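Scroll down for the structure; my scribbles are underneath it.
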There are 2 protein chains.
Amino acid sequence: MSTNLKLSDADTRRASIIAAALSVFAQSGYGSTPVAAVAAKAGISQAYVFKLYPTKEVLFVAAMERCYEIILETLTAAADTAPDGSPEGILEAMGEAYARLIVDRDILMIQVHAQSAADIPAVKAVVRRGLATLVRLAKARSGASDAAVQSFIAFGQLCHLIVTTDLTELNDDWAQTLWKGMSHY
Amino acid sequence: MSTNLKLSDADTRRASIIAAALSVFAQSGYGSTPVAAVAAKAGISQAYVFKLYPTKEVLFVAAMERCYEIILETLTAAADTAPDGSPEGILEAMGEAYARLIVDRDILMIQVHAQSAADIPAVKAVVRRGLATLVRLAKARSGASDAAVQSFIAFGQLCHLIVTTDLTELNDDWAQTLWKGMSHY
DNA sequence: CAATTTAGTGAGTGATTAATCACTCAAATT
DNA sequence: AATTTGAGTGATTAATCACTCACTAAATTG
């Protein structure tokens, strides 16, 4: 076909493939997104996606890993820049950083879809690992109590529910009940 | 084929189909479970499933609706039989009832998969409706504050995460952090 | 009993999709 | 200049899957 002016090496391609995978899987989940959609988004052939990632499962897991990587980086940075040094203050700063992170939805939706695909052992394993790192980070950097960290995660999950169902569009009282106080999301 | 001794009428069939759908969709989610699997579980032909439920989407939504129906029944009953009449006591009783309900996982997993499939408008609508009824019930029957009800839902979501990743199998400290105090689950 | 309605299926069909293969082309190496 | 290597694709394959249709057996009705 037409001459390709700029060739990327495999590692650059890998990066653009998982960027595409992150966004495409976030939209339709594991079972409902064809690998062809990832290839199209990345602007390369499906065949080459399969050359760099041998199965759809491997590709999805790679996207998940990138997702947790981003979350961890963001929360680590937030913990460092927390104005208030108190445990609750640091946890609060992490929560706000997470809120800002998930405005684009992809990071959030990948987690939702991963939970749904957790019957695949590799997926379950990565969710567990991501969660482990996240909990340990929150605990170590904030010094907050177990109960506070548990609550931190619980409200993160509530946030996922709110976003997937677009509850913020609704003015009903019940929706406000779930939404209230999570204003930064 | 062989003579069928006992024929059920359509409504009975419908009931057994959604019972099968509930269990099969709970295992592999919307995108990854073929309708043939539902038919097999119900012990009837795929063609007849499609006669009673015109599309896979309609079938899934029907299973979701049954799921919320069961949750609502259970929580309503729990609110009635709460020993302590205080708002927190009633909410606690509802939480425990929910915990007992989801030991079989199907009710829980359908919700997780529904959240993942919420880009389908009908699915999103039913999740919203189920959530609305649940929040209103919790509020009306317990009389608890908005914050308490919000927390009730948030910890329900945390519970979903714990179950999908089988965190109870793990003895690690971080897993205990998430798990602690939710002992009835 | 004849006619009609209801429950139910076997055998497809067309579309989609995960994965493979046989290639091409350009750049680096010898 | 000849050879190897690495990036990349078009075409295909084998399987799966949502959905349809022509049909039969049984129950119901008149």
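Computed from a predicted structure; not experimentally measured. Computed over heavy atoms, backbone and side chain alike; hydrogens, waters and symmetry mates excluded. Chain letters run A, B, ... following the sequence lines, proteins first, then strands; residues in each count from 1.
Residues from residues 34-42 of chain B lying near DNA chain C, meaning a heavy-atom separation below 4.0 Å, are absent. For the contact set between residues 49-63 of chain B and DNA chain D, defined by any heavy atom under 4.0 Å, the members are B:Phe50, B:Thr55, B:Lys56. Listed by residue number, the members of residues 24-33 of chain A with any heavy atom below 4.0 angstrom from DNA chain D form an empty set.
For the pair A:Tyr48 OH and C:dA18 C1', the interatomic distance rounds to 19 Å; values are reported in whole Å. Between B:Asp9 atom CG and D:dA25 atom P the separation is 22 Å, expressed in whole Å. Taking atom CG of residue A:Asp11 and atom C1' of nucleotide D:dG6, one finds them 13 Å apart after rounding to whole Å.
Contact annotation: the side chain of A:Leu178 never approaches that of B:Asp146 to less than 4.5 Å [non-hydrogen atoms, C-beta and beyond]. Residues A:Thr177 and B:Phe152 are not in side-chain contact: their nearest non-hydrogen atoms beyond the backbone lie 4.5 Å or more apart.
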Handout entry: Test side chain to side chain contact (heavy atoms under 4.5 Å, CB included) applied to A:Thr33 and A:Gln27, step by step
Key = CA-CA 8 Å; A:Thr33 61; A:Gln27 277 165 43; 5.8 Å; no

Exercise for the section: Check the pair A:Thr164 / B:Val127 against side chain to side chain contact (heavy atoms under 4.5 Å, CB included), numbers first and verdict last. Expected result: CA-CA 10 Å; A:Thr164 53; B:Val127 173; over 6 Å; no

Problem - side chain to side chain contact (heavy atoms under 4.5 Å, CB included) evaluation trace for A:Met64 with A:Gln111 - result: CA-CA 8 Å; A:Met64 285 178 63; A:Gln111 293 177 81; over 6 Å; no

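For the side-chain contact (heavy atoms from CB on, under 4.5 Å) criterion with B:Val38, the lone passing option out of B:Leu22, B:Ile18, B:Val24 is B:Val24. The residue from B:His160, B:Gln115, B:Gln157 that alone fulfils the side-chain contact (heavy atoms from CB on, under 4.5 Å) condition with A:His160 is B:Gln115.
Here the straight-line distance linking atom CG of A:Asp80 with atom CG of A:Leu75 works out to 11.0 Å at 0.5 Å rounding.
Phosphate contact (OP1/OP2 of C:dG8, side-chain N/O of B:Arg13, threshold under 4.0 Å): present.
Between B:Phe25 and B:Tyr30, the ring-plane angle classifies as parallel under the 30° and 60° cut-offs.
A donor-acceptor pair under 3.5 Å is formed between the side chain of B:Arg128 and the backbone N or O of A:Thr165.
Distance from the side chain of A:Gln46 is smallest to C:dA19 among D:dT9, C:dT9, C:dA19.
Ion pairing of B:Lys124 with A:Asp166 is present here, as a side-chain N (NZ or NE/NH1/NH2) and a carboxylate O approach within less than 4.0 Å.
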